[in-house]
Structure formats: structure tokens, C-alpha cells
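First comes the structure, then the notes that go with it.
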Amino acid sequence: MPRKKIDLPGQIDHLSILDEDGKLDESLDPGLPDELLIKLYEAMVLGREFDRRMLNLQRQGRIGTFPPITGQEAAHLGAAAVLQADDWMVPSFRETAAELWRGRSMESVLMAFNGFNEGFHVEEGRNDLPNSVPVGSQVLHAVGIAWAMKYRKEKRVAMAFFGDGATSQGDVHEAFNFAGVFQVPAIFVCQNNQWAISIPRSQQTRSKTIAQKALAYGIEGIQVDGNDILAVYAAAAEAAERARNGDGPTLIECVTYRLMMHTTADDPKRYRTEEEVESWQKKDPIHRFQSYLKEKGIIDEDGIADVEASVKDRIQEAVDTAEKQMAETPDPLHMFAHVYDTMPPHLEAQREQLAQWRNNTGEEE
Amino acid sequence: MPRKKIDLPGQIDHLSILDEDGKLDESLDPGLPDELLIKLYEAMVLGREFDRRMLNLQRQGRIGTFPPITGQEAAHLGAAAVLQADDWMVPSFRETAAELWRGRSMESVLMAFNGFNEGFHVEEGRNDLPNSVPVGSQVLHAVGIAWAMKYRKEKRVAMAFFGDGATSQGDVHEAFNFAGVFQVPAIFVCQNNQWAISIPRSQQTRSKTIAQKALAYGIEGIQVDGNDILAVYAAAAEAAERARNGDGPTLIECVTYRLMMHTTADDPKRYRTEEEVESWQKKDPIHRFQSYLKEKGIIDEDGIADVEASVKDRIQEAVDTAEKQMAETPDPLHMFAHVYDTMPPHLEAQREQLAQWRNNTGEEE
Amino acid sequence: MAKMTMVQALNLALRQEMERDENVIVLGEDVGVDGGVFRVTDGLHEAFGEERVVDTPLAENGIVGMSIGMAVYGLRPVCEIQFSGFAYQNFHQIENHASRLRWRSQGRYHVPMVLRAPYGGGVRALEHHSESREAFWAHIPGLKMVIPSGPRSARALLVSAIRDPDPVIFYEAKALYRAFREEVPEEEETLPLGESRIAREGDDLTLISYGAMLRPTLSAAEQLEKEDGVSAEVIDLLTISPLDDTLFVTSVKKTGHAMIVHEAPMSFGPGAEIIARLVEKAFYYLEVPIGRVTGYDVVIPLFAREKDYIPSVERITHEARRILET
Amino acid sequence: MAKMTMVQALNLALRQEMERDENVIVLGEDVGVDGGVFRVTDGLHEAFGEERVVDTPLAENGIVGMSIGMAVYGLRPVCEIQFSGFAYQNFHQIENHASRLRWRSQGRYHVPMVLRAPYGGGVRALEHHSESREAFWAHIPGLKMVIPSGPRSARALLVSAIRDPDPVIFYEAKALYRAFREEVPEEEETLPLGESRIAREGDDLTLISYGAMLRPTLSAAEQLEKEDGVSAEVIDLLTISPLDDTLFVTSVKKTGHAMIVHEAPMSFGPGAEIIARLVEKAFYYLEVPIGRVTGYDVVIPLFAREKDYIPSVERITHEARRILET
Ligand SMILES: Cc1ncc(C[n+]2csc(CCOP(=O)(O)OP(=O)(O)O)c2C)c(N)n1
Ligand SMILES: Cc1ncc(C[n+]2csc(CCOP(=O)(O)OP(=O)(O)O)c2C)c(N)n1
Ligand SMILES: [Mg+2]
Ligand SMILES: [Mg+2]
């Protein structure tokens with residue numbers, strides 16, 4: 001049936017700067033200073049090594065379940081790296097490298113994943129929300145934060161992270177739509193790591209890309225090679241500039257891959273092939289960035305070894321500190337803190353009851 | 001920043017067949033038989049007149065709040081008219097003409113809007129869900145119904161109706177996405193009547209059209225002139241064929257206008273201009289369809305008068321019947337029916353208590 | 001002092017709080033140009049502009065999720081959910097986040113937001129527009145659940161809710177919106193959240209209620225006084241959670257007879273917790289079982305029959321007599 | 001009879017019901033190829049194919065909304081919500097539709113769906129994975145809320161839930177999934193919804209519990225017998241709503257002492273309704289106030305401290321002694 005085509009605004013591009021071998025597309029080079037490149041490299045290695053160590057600890061029963069980030073370092077770090085201190089980051093749960101970049105301590109990560117609420121504490125000065133487990137639910141918070149920034153006429157941005165699976169949630173839809181309508185300075189970073197536990201991207205949504213979902217909201221959208229930290233950085237920097245200029249939100253789809261299990265409770269062999277994993281291992285974000293830095297003469301083998309050694313030291317120190325902190329008998333009365341600003345009488349009573357009961361049983365035993 | 005464009009599938013078209021003066025674009029004529037054209041015309045007039053009568057009754061306190069459909073007859077009727085008896089219709093609350101077309105009685109509409117649960121009864125044989133007030137929530141039900149049709153290998157379709165405002169809801173997003181992933185035989189008909197109570201379409205979403213939201217889900221989308229019953233019918237027929245052939249869901253945006261108040265509790269003068277309303281009155285769907293039918297020689301002035309007279313008679317009859325039914329003292333014990341298949345003991349007890357109490361007070365008075 | 005309806009009193013609270021603190025932002029469906037479907041936000045858009053009185057897209061969950069972000073950032077969002085029957089759309093944002101962000105950040109953030117929503121029957125409304133489901137919210141730790149019983153308490157409690165550092169669900173009885181007027185002082189007035197009050201003193205029987213049901217409960221108390229010479233004390237809860245049990249426990253210790261009146265369905269409703277508290281704290285003073293006059297455990301019928309669902313003065317007095325005669 | 005874990009028993013129920021009735025469809029996140037994150041649906045995808053064991057996109061509300069449509073059409077969807085903490089996303093679909101479509105269509109349609117969800121603490125899980133919020137569902141008219149206490153009851157109740165013509169929320173205690181094995185007959189076995197059972201007979205005290213808390217409650221009863229010579233009767237509710245109050249009322253009439261044990265927060269929790277029913281139906285038999293040993297009114301702490309939140313055998317016996325000594 002013939003009919004009129006609607007002239008739709010909006011175009012979805014794909015951005016890739018460093019290819020799988022670390023070769024640079026010079027025309028797209030964002031031209032980051034060497035110092036920043038090295039810092040990013042270190043942060044990627046830290047993320048990777050910390051992941052490895054946590055897996056180790058988990059297997060030894062020294063921490064609980066956690067979601068590894070291996071393979072996705074570029075996708076979240078590259079985006080978070082464009083943020084200023086007074087910008088806000090609203091994470092999901094698979095952005096550990098970016099959280100550490102923003103100043104979260106490894107100790108706090110370890111404590112949180114070992115079941116200590118103290119690990120959720122966000123220190124003053126770091127403008128990030130805590131991890132959000134209910135998939136997609138956090139994205140609206142970034143919209144509200146961005147709304148408030150705009151209301152206060154501050155040139156800040158709020159950056160939300162989420163996965164490919166999260167795009168199916170109503171929350172994320174509503175976040176995109178509100179952000180579009182209110183033209184708030186929000187950046188939506190989707191780490192499309194091809195899987196939502198056992199559900200492949202192709203079964204999550206029938207759209208060819210996640211980025212094109214921007215068209216449904218009249219907002220900017222772009223797909224980037226999420227294993228290419230320069231591409232992620234460049235797209236995020238552009239989005240941040242747009243946001244700060246009052247030109248509204250951006251959806252960035254980072255095409256990446258979860259190389260490890262969903263969480264340590266998951267067994268990916270049940271639902272995906274080794275070949276698939278291997279094919280993505282070739283696109284490893286750290287490997288290609290390293291090649292590029294070597295090629296550029298910013299780092300050499302010695303430098304690489306130094307980075308690795310220093311990162312491992314830092315991790316060891318953090319593990320020691322965290323374990324010491326956790327070993328100090330936790331006070332269960334702490335569970336009554338931070339429920340309300342002022343503790344209501346019924347909670348006082350329950351707290352008192354628990355305190356007394358502990359005293360009694362302590363004496364009885 | 002230069003980069004690669006992504007080749008996106010999907011194209012959004014606009015379809016218009018009868019223009020505002022009732023002039024036909026012959027190349028697009030769906031060629032409906034005269035009999036059907038007349039039936040559609042009668043149904044449109046019935047919808048319009050019934051609306052008028054209900055407004056009248058409401059103003060006299062003879063029914064409660066209701067949402068008028070005037071101006072939107074083509075948008076919902078044209079779509080519902082492609083359904084077979086064993087297809088399913090999942091309405092919102094502003095599709096009265098389509099509900100009557102499907103076989104709902106005017107009495108049931110009157111009773112429902114006058115606060116009698118009996119008006120919600122869906123008779124055997126009519127495969128429609130009852131009106132759904134929570135905006136957007138019903139659309140997923142159509143997806144589930146369509147899923148079941150596909151599972152049972154029946155060549156049926158489920159058609160869901162909703163407004164422009166509803167597209168902001170997470171439910172509707174999830175419905176589109178599930179329908180796309182499962183490729184179910186669903187048709188999503190959005191009556192974009194430009195307003196969601198006082199919120200104009202432009203503040204509901206920043207996308208240029210509602211139809212383009214289909215691109216976010218990899219499903220078919222089309223925008224039609226919703227005041228042009230031939231265009232709506234043609235688009236819906238195409239969508240139904242697609243669905244029956246197993247080729248998946250379609251989103252149809254019917255561009256129309258709510259000529260009356262949102263509900264009888266609303267005062268549109270607070271938020272929109274008379275000029276805007278007048279400009280849309282010129283695009284009246286009944287007027288243009290009448291012109292076309294006259295031009296085509298299918299109806300003349302006498303015929304028009306006959307339709308109007310017979311429609312008014314039917315309405316009067318329905319009002320009389322409904323009022324008679326409602327006047328029979330309602331039994332409040334009825335509220336305990338249809339809660340569970342088998343009434344649990346605590347409800348039995350509550351029912352008994354109310355029954356006794358009514359007996360007592362009846363005796364006391 | 002001016003005589004005001006509850007709608008006017010709520011409007012006054014919003015207006016004065018917005019004047020006092022530019023962090024107070026009103027948002028929701030149709031709250032702006034239209035002034036809210038019940039006109040609670042009438043005139044605010046003109047007075048404070050679209051930057052502070054924000055018409056949103058149609059998504060309750062979006063409204064609440066966005067409000068959480070605004071509140072975390074330091075604003076004081078007062079969002080309107082057009083009818084409480086549509087606040088389940090945002091249930092997870094309240095359960096998983098609003099009520100917990102203080103805890104989830106171990107004190108770094110808090111969520112000073114108010115969710116206003118009309119609740120209850122009695123105004124010939126459509127389906128899904130007449131429910132009383134305050135018990136859902138009352139069971140969520142970290143949240144406050146407030147229901148005023150008239151213009152003056154509505155105004156004072158709304159001011160307190162806006163200033164409260166924690167999230168507050170604020171239910172407004174539709175049936176009270178325009179039912180009667182009360183003197184409401186122009187100057188600032190607050191009422192502490194988490195405190196109930198004695199709405200009527202008495203010695204023989206304690207009637208515990210709140211919101212729209214307070215008035216029929218008071219009328220029943222009058223009737224019992226006149227017709228039976230029974231002196232009923234009436235407690236107006238005002239805050240449902242955290243539940244202030246001090247007044248009603250004291251009262252029941254005095255009267256030995258207690259009855260709860262609410263519109264919500266009986267089973268697992270607010271009355272159950274009140275009974276539990278009385279059993280825990282006033283058991284030996286109870287002379288007879290505690291009564292419950294509530295909505296039945298069915299969906300509230302459409303309006304032609306809702307008066308048989310909603311506790312009436314007659315049902316309250318009837319049940320009170322039954323209790324007193326036990 | 002084979003000795004089975006609760007996971008295996010649930011799997012058996014699903015498998016046999018799917019064999020029996022091709023209208024039974026299993027759907028949810030990761031229920032297919034992966035067999036469910038707790039492996040409850042293990043092997044079903046292989047056995048019945050992707051047409052009947054459906055991996056869905058990540059949207060709980062979508063899953064439930066779609067299930068409603070499927071059920072209305074005549075299928076028997078059994079949807080899995082991966083953790084009950086994510087079932088609030090679909091709260092409005094249950095509140096506004098699933099629980100009411102029978103009523104909303106005046107009997108023409110009904111919604112024979114089951115929503116399965118793991119609930120509760122005790123398995124070292126992440127945030128938002130350990131809540132007990134059955135009271136939310138219990139307050140919704142038209143809905144059934146079921147919580148089995150072990151492999152055998154889980155299997156029998158799930159079969160009944162699937163065959164029930166009304167929507168059922170079916171909570172499975174994660175802590176019980178692999179905690180112990182029970183004999184589960186291969187041949188069909190059902191348990192009626194809406195009926196509690198006596199898990200242990202006794203004369204001195206009635207302990208009322210369900211789900212994961214039944215075992216510590218039974219252990220506490222043993223301990224009381226051994227150490228104090230107290231004979232405690234234990235009631236296993238099995239269905240939370242509609243609440244069967246016959247057994248526990250009869251029991252308390254016999255024992256005069258009652259205590260409720262649940263993991264959910266105390267205030268406005270399931271225990272409150274049980275107390276209300278006891279007050280209404282067994283008031284004159286109660287010798288002392290009814291006790292509640294429950295979760296505190298805070299968010300359940302992360303796992304390092306959750307054992308202090310969840311009622312333990314020690315807390316139960318401690319409180320039981322307090323009651324008996326009153
Ligand atoms: C609302 C909600 N539903 C389900 C889960 C369980 N769950 C945790 S992560 C996950 C998959 C998330 O996929 P995606 O969004 O792609 O993020 P990824 O895990 O790949 O980083 C699921 C289903 C959850 N945490 N929250
Ligand atoms: C979930 C929900 N939120 C709010 C409302 C109140 N309400 C009823 S209709 C309506 C506007 C609907 O707009 P649209 O979807 O465009 O449909 P229209 O009324 O224009 O037909 C609103 C806000 C509702 N019924 N349900
Ligand atoms: Mg993913
Ligand atoms: Mg509209």
C-alpha cells in the first residue's frame with residue numbers, strides 16, 4: 001500500500017575509534033592527554049585485577065555473591081571518566097571500575113559484597129548513588145537529579161548506567177521519556193553486554209540496536225564500540241557537552257560483552273558457547289588499549305608490569321583492611337540506624353528488646 | 001564528529017484516504033462494500049448520538065461521570081471493524097462506538113457509568129475485556145491473549161486500544177517489547193487525540209510521532225488520519241492480515257481529537273483554546289464520511305435523517321430499559337459475588353453479617 | 001482565620017511552603033495549568049511558574065522515580081498521584097528506593113518527598129478510583145503514612161510532611177475534599193507526624209479511626225451519647241505509620257472497650273495492627289473483644305452500592321452497642 | 001516415594017502439571033534454557049520446548065500483565081518472578097487486574113495464574129533479595145497467598161495453585177530450597193488452598209507460623225518440651241490469605257496461650273491479622289497477651305547481620321517462656 005513517508009528526525013550512528021588490534025582511526029582521535037590515557041589504563045587494570053581477586057575471595061567463602069565486570073571496563077570507565085566531581089553517577093551493579101574511579105574505596109565494595117551494610121555508605125564528596133540491584137529502577141533517579149541540576153541552573157550532568165536487559169523495564173522507558181520531555185542534562189549509558197543472565201540480546205528486544213530506542217523519545221542516541229575506551233569516552237564527552245549546554249539527554253549504547261559469569265551464583269555454560277566467549281575475548285578492551293598505548297610509546301613492558309604490581313599491592317592492602325574491619329564483631333543493633341531521621345518509639349522499643357535479649361543470652365550462654 | 005550511520009530497518013508512513021472534505025484518494029481506496037460503508041456510518045452516528053444522550057443524562061444526574069468519544073468515532077470504530085467475532089478487543093475507556101459495534105449493549109454502558117457493577121458483565125460470545133481505567137495497564141493483556149492465540153495456532157488477533165497519554169506508561173512499553181520479541185498477533189491502536197486530560201501531546205513525549213515508537217521495538221508502525229475511517233480501516237486490515245499470517249504486531253497511531261471534555265468532571269476551557277477545538281471540528285470524521293457517502297450516492301438526505309431517527313429510537317429504548325433495571329432496588333449482597341470462584345468462609349461470614357444487619361435495620365426502620 | 005474546605009486548606013499549605021522554600025516543587029499529572037483534577041494545586045502554576053509546578057507525562061512510576069532523584073539532590077518534591085489506585089504503578093520505587101535510600105546509603109542521602117494521593121469512596125467515582133489501601137504503605141519500614149481527617153489537620157500535616165526529612169505517603173480523603181469547612185489559620189501551623197489525637201473525650205468506649213471515617217465515627221459517638229447515654233472517646237490516628245499507640249492504649253485502659261473504624265478491607269488491614277498493639281499493651285484492661293467496622297474483603301463496589309460497603313454511622317453505632325452489651 | 005529437596009518437589013509439580021494439561025505454561029526470566037536461577041524449572045525447557053517454557057524479556061510487570069491475558073484466554077500461566085523483591089514492579093497488575101478480573105467482568109472471565117517467587121532471607125543474598133512481604137498480597141481481595149513449609153507441602157500446594165481457578169501468589173522460602181529433603185510421592189498429591197494444618201500437637205501453647213519459620217518454630221517446640229516440659233501445638237498456615245482461622249482458634253481455645261512467628265516485619269504484618277482473629281473468636285480463652293516473634297520494622301540487614309533479624313529458635317523459645325511465665 002503506497003503512502004507518505006514521514007520525515008523523521010534523528011539518526012543513529014555507530015562510533016569506533018580503536019579497532020580490535022588497537023589501531024587508531026586518526027580522524028576520530030579525541031586527543032586525550034597522555035596522563036589521562038595512563039590513568040585510564042591503570043583504572044582498567046585495577047578493575048580487572050580487583051574482579052579477579054574478588055572471584056578468588058568468593059570461591060574461598062570470604063565474600064558473598066558479586067557480579068564480575070571483566071570485559072566491560074572500557075564501557076563504564078570510558079563514560080564515567082568524562083564526569084566532574086560535582087556531576088553525579090547513578091550506577092547499576094556492574095560498574096565497579098567506574099565506581100573506584102569516582103573514589104569509592106575497594107574496602108567498601110568488599111564489605112558490601114560480604115553482607116555488611118557499612119559497605120553501602122557513600123562518603124561525602126562522592127556524588128554517586130549506591131549500587132542498585134532492582135534492574136532499571138535507578139535510571140529515573142538520574143532523571144530527577146538532572147532535573148534538579150537544571151532547576152538550579154547548574155552546568156552539571158547526571159549519568160545513569162544500566163544493562164541491555166534493563167531496557168525492557170518500564171522504569172527505563174519512563175526515564176527516557178521524562179528526560180526527553182524535560183530536556184534534562186542526563187546521560188544514559190547502556191552496557192549492552194549481550195546477555196541478561198541467560199537471555200541473549202536478541203531475545204530481549206526485537207530492535208536491531210539499543211541506541212535506536214532514542215528515536216522513540218526524540219532524544220539523541222548513539223551506538224559505540226564499548227570495548228574501545230576512546231570511542232566510549234568521545235561519545236560520553238559529546239553527550240556531556242550537550243547536557244551542559246542545555247541541549248538535553250543522550251542515550252549511549254556501549255556494545256560490549258560480559259566475559260565472566262552473571263554473578264558468582266551463575267553458570268554461563270548452561271546457556272552460551274565457549275566459542276562465543278572466545279570470539280569476544282579477542283576484542284578485549286584492555287588488550288587493545290594496551291597495544292595502542294605501546295604503539296603510541298606511552299607505556300612499555302616495564303610500565304605495564306609496574307602498573308600490575310602496584311594495582312595488586314593496592315588490592316592486597318584493601319582486602320587486609322576490609323577483613324580487619326569486618327572481623328570486629330558487627331553490632332546487630334546497627335540495623336536500626338538510618339531507617340528514619342528520628343527513630344520512632346516502636347523502633348526504639350524493638351532495638352531495646354534486641355539489645356536486652358542479646359545481653360541476656362550473652363549472660364546465659 | 002563523523003561516524004558510521006547505522007542502517008536501520010523500519011520506516012514510518014502516514015496514511016490518509018478521505019480528506020477533510022470527504023474527497024477520496026482513489027489510489028488508496030480500500031474498496032469496502034456499500035453495505036459495510038453504511039453500517040459503519042450508522043455506527044458512527046450511534047456513537048455520536050449516544051455520547052450526546054449520556055452527556056444529557058449526566059447533567060441531569062441520571063448517570064455518573066463518563067468519558068465522551070465525540071470526534072474519535074472513526075479512530076476506534078475503523079479499527080475494531082476489521083475484527084472477526086472470535087478476535088479479541090481490549091479496550092481502554094474511550095471506544096464506546098467500537099464496543100457497541102462489537103455487541104456491547106447500550107444498557108450495559110449506562111449501568112456501568114451509573115455505578116452498577118452489572119454493567120461490567122461481558123456477555124458470552126463477545127470476546128472483549130471490560131473497560132480498563134488504569135491508563136495503559138490493559139495493553140499487556142492483549143499481548144497475553146495474542147500469545148495464547150499463537151500458542152493454540154489460531155489465526156486470530158487481539159486488538160488493544162489506548163491513548164496518546166498511555167504511551168508514557170511502562171506497561172505500554174513492555175507490551176510493545178514483549179509483542180515484538182514473541183511476534184504475537186497483536187494490534188496496538190493508539191487514539192492520539194492530542195490530549196491526556198490537560199497535557200498536550202507535545203508534553204507527553206518528545207518524539208515527533210507516536211508511530212515511530214515502533215522503531216524502538218523492531219515492530220511495524222504506521223500513522224493514519226484517525227478522522228478518516230477508510231484510512232483507519234485500511235491500516236487495521238493490513239495489520240490484521242500481518243498478524244494472522246504470523247508476521248507480528250503493528251502499532252497504529254490514529255491522529256484524532258477529543259472534541260469534548262476529558263470526562264464530564266473536566267473543564268477543558270482551563271487548558272485549551274476554543275480556536276483549537278474549532279479547527280478540529282472542521283475535520284469531523286462523521287461529516288467527511290457523510291460527504292463521501294453522499295458523493296458516492298450511497299446515502300441521501302432522507303437516508304441520513306432515517307439513520308438519525310432510528311439511532312435516537314434505539315438509544316431511547318436502551319435508556320428506558322436501563323433505568324428500569326437500575327430502579328429495581330439493587331441488592332448490596334451482590335458485592336460478594338465474583339470475588340473468588342468459591343466464596344471463602346470469611347467472606348461468607350461478612351456477607352451473612354451484612355445480610356443480617358440489613359434485615360435488622362430494615363425491621364427497625 | 002478563614003473557613004476553608006480541605007482542598008483550600010491543602011492549597012494553602014502548598015502555597016505557603018512554596019513561598020517559604022524554593023526547594024519545594026509540585027509535580028504530577030495535570031497539577032499545573034489545570035490545577036489538579038480536584039483543584040488542590042489551583043493557582044500554583046500561575047503563582048510559581050512551570051519550573052516549580054510541573055505537569056508530567058502520564059506515568060506514576062516515572063513521577064515517583066524522578067521525585068526520588070530530586071529529593072536526593074536536595075529538593076522537596078511534592079508529587080501528586082491523581083488517584084491512590086494508580087500509586088501501585090510506583091509501588092516498587094517506594095518499596096525498593098524511597099523508603100530505603102537513607103539506609104541504602106547509610107545516612108548519606110535521604111528522600112524528603114511527599115506523595116499526595118486522594119483515596120477512598122463516596123464521590124460517585126469510576127472504577128479503581130475509590131480504594132483505601134493505606135495498609136500497603138504502613139507495612140514498609142522507612143516510610144511514613146499520613147491521613148488527615150479534615151481541613152485543619154490536612155493543612156498542618158501537609159506542612160509537616162513537606163518539612164519532614166523522610167518520605168511521606170499522604171492520603172487525602174476525596175469524600176472530605178469539599179464536604180465541610182473548618183477554621184484554618186492563615187499563619188503557619190504544623191502537626192507532628194507520628195502523633196495521634198483525641199478527637200472526643202469519653203469514658204465508656206474507645207473508638208479509633210482516621211481520615212474520612214472520623215466524621216461518621218464522631219457522629220456515632222454523639223448518637224451513643226444522646227440515645228444510650230454512652231460516653232465514647234474517639235481517637236483520630238492522623239499518622240497510620242509509624243503508629244502512635246500511646247493515646248489509644250491509654251484510652252482503652254480507661255474504657256475497657258475498643259472499636260476500630262476504617263474504610264479499608266478488614267483482613268490484614270490497619271485495624272489488625274491496632275488490635276495487636278492493644279493486645280500487647282492493654283490486654284488486661286480489655287473487657288470484651290475489640291470490634292472492627294471496616295470495608296468488607298471485596299473490591300469496593302461501584303458507586304450505586306458503595307454506601308453499603310463504607311462504614312456508616314448506623315453500622316458504627318450498631319457494632320458499638322453490640323460491644324457494650326457483650 | 002523419593003526423598004526430595006523443595007526445589008525438586010516444585011520441579012516435580014510443574015512437570016506433572018505440564019504433562020497433565022497443555023494449558024500450563026511456565027514463563028519468566030531465565031526459566032527456560034537456564035532452568036531458573038534456583039533451578040526450579042530445570043529440565044522443563046528440554047522436556048516441553050520453548051513454546052511452553054518461555055524465557056521472557058526482563059520486565060516483571062510485563063510478565064504478569066502478559067500472564068493475565070494468557071489466563072483470561074484459558075491458559076494456566078505459572079510465572080516466576082526471580083525474587084519476590086522484584087514483584088512490586090507488577091504490583092498494579094495484580095492489584096488492579098489479576099485479583100479483580102473475575103469481578104470486573106462479573107464472572108465472565110477469571111485469571112487462573114500462579115505467580116511463583118522466592119522470598120525471605122538466610123541464603124547470603126544481595127540487597128533486595130531477602131524480603132518477606134506476604135502481607136502486601138494478603139490484603140488484596142480476590143487473591144490467594146500461599147506459602148509452603150517444606151518439599152511435600154510445596155509440591156502439593158503448587159499443584160493445587162495451578163489448578164485453582166483464581167490467581168495465586170506462591171512464595172517459596174529460599175532458605176528451604178535445599179535445606180532438607182522429604183518424602184514426596186510420585187503419584188499426584190494436592191493440598192487444599194485456604195486450609196492450615198497442625199504441624200505438631202500440644203496442649204499448653206499455640207505457636208502459629210508458616211514458610212521458612214515453621215522449622216525453627218518446630219525446633220523451639222521440641223526444646224520447650226525437652227527443657228521445660230511444655231507441650232506446644234504448632235499450626236502451619238500454608239495459606240496466608242484467605243486466612244483459615246479455624247485450626248488456630250480451636251487450638252488457642254485449648255491452650256489459652258498463643259504466639260506467632262514470622263520473618264516479615266512486625267507492624268502491619270500477617271501476625272496482626274492472626275491476633276485480630278484470635279481476639280474476635282477466642283478472646284475469652286486467652287490467658288495472656290498473644291506474642292509476636294517477627295522481623296523487626298527495618299529493612300532486613302545484608303547477610304552479615306541477617307541472623308539477628310530473622311527469628312531464631314532461641315528467640316522463639318525465649319518469647320514462649322516469657323508468655324508462659326506471664
Ligand atoms: C527488577 C529485577 N528483576 C530481576 C533481577 C534479577 N537480575 C539481576 S541482574 C539481571 C540481568 C540484568 O541484565 P542486564 O540489564 O543486561 O545487565 P547485566 O547483568 O548484563 O549487567 C537479572 C534478571 C533484578 N535484580 N531486578
Ligand atoms: C494509571 C492511571 N493514571 C492516571 C489516571 C487518570 N487519568 C484517566 S484518563 C487520563 C488521561 C489519559 O490520556 P490518554 O491516554 O491520552 O487517553 P484519553 O483520555 O485522551 O483518551 C488520566 C491521567 C488513570 N486513569 N490511570
Ligand atoms: Mg546485559
Ligand atoms: Mg489522549
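All chains are named by letter (A, B, ...) in the order of the sequence lines, taking the proteins before the strands, and each is independently numbered beginning at 1. Because only heavy atoms are used, hydrogens play no part in the values below, and waters and symmetry mates are left out as well, while side chains stay in.
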(request) Can you see which heavy atom on A:Gln169 is nearest to which on B:Glu174, and at what distance? (result) C-OE2, 3.6 Å
(message) So, taking the atom named OG1 in B:Thr167 and the one named OH in A:Tyr217, what distance separates them when rounded to the nearest 0.5 Å?
(response) 9.0 Å
(message) With chain B as the partner, which of A:Gln203, A:His14, A:Gln223 has the greatest number of non-hydrogen pairs under 4.5 Å?
(response) A:His14
(message) Restricting to non-hydrogen atoms, name the atom on B:Leu215 and the atom on A:Ser207 that form the minimum distance, rounded to 0.1 Å.
(response) O-CB, 3.9 Å
(message) Determine whether a donor-acceptor pair (N or O, by modelled atom type, separation under 3.5 Å) exists between the side chain of B:Lys213 and the backbone of A:Ala216.
(response) yes
(message) As an exercise: rank A:Ala211, A:Ser16, A:Ser168 by heavy-atom pairs under 4.5 Å with chain B and give me the winner.
(response) A:Ser168
(message) Tell me whether the count of non-hydrogen atoms from other residues, nucleotides or ligands lying under 6.0 Å of CD in A:Glu241 goes above 12.
(response) no
(request) Name the region of A:Gln183, side chain, backbone, both or neither, that has any atom closer than 4.5 Å to a heavy atom of chain B. (result) side chain
(message) Return the CD to CG distance between B:Gln204 and A:Asn177, rounded to the nearest 0.5 Å.
(response) 7.0 Å
(message) Is it the case that over 12 heavy atoms from other parts of the model lie below 6.0 angstrom from the NZ atom of A:Lys296?
(response) yes
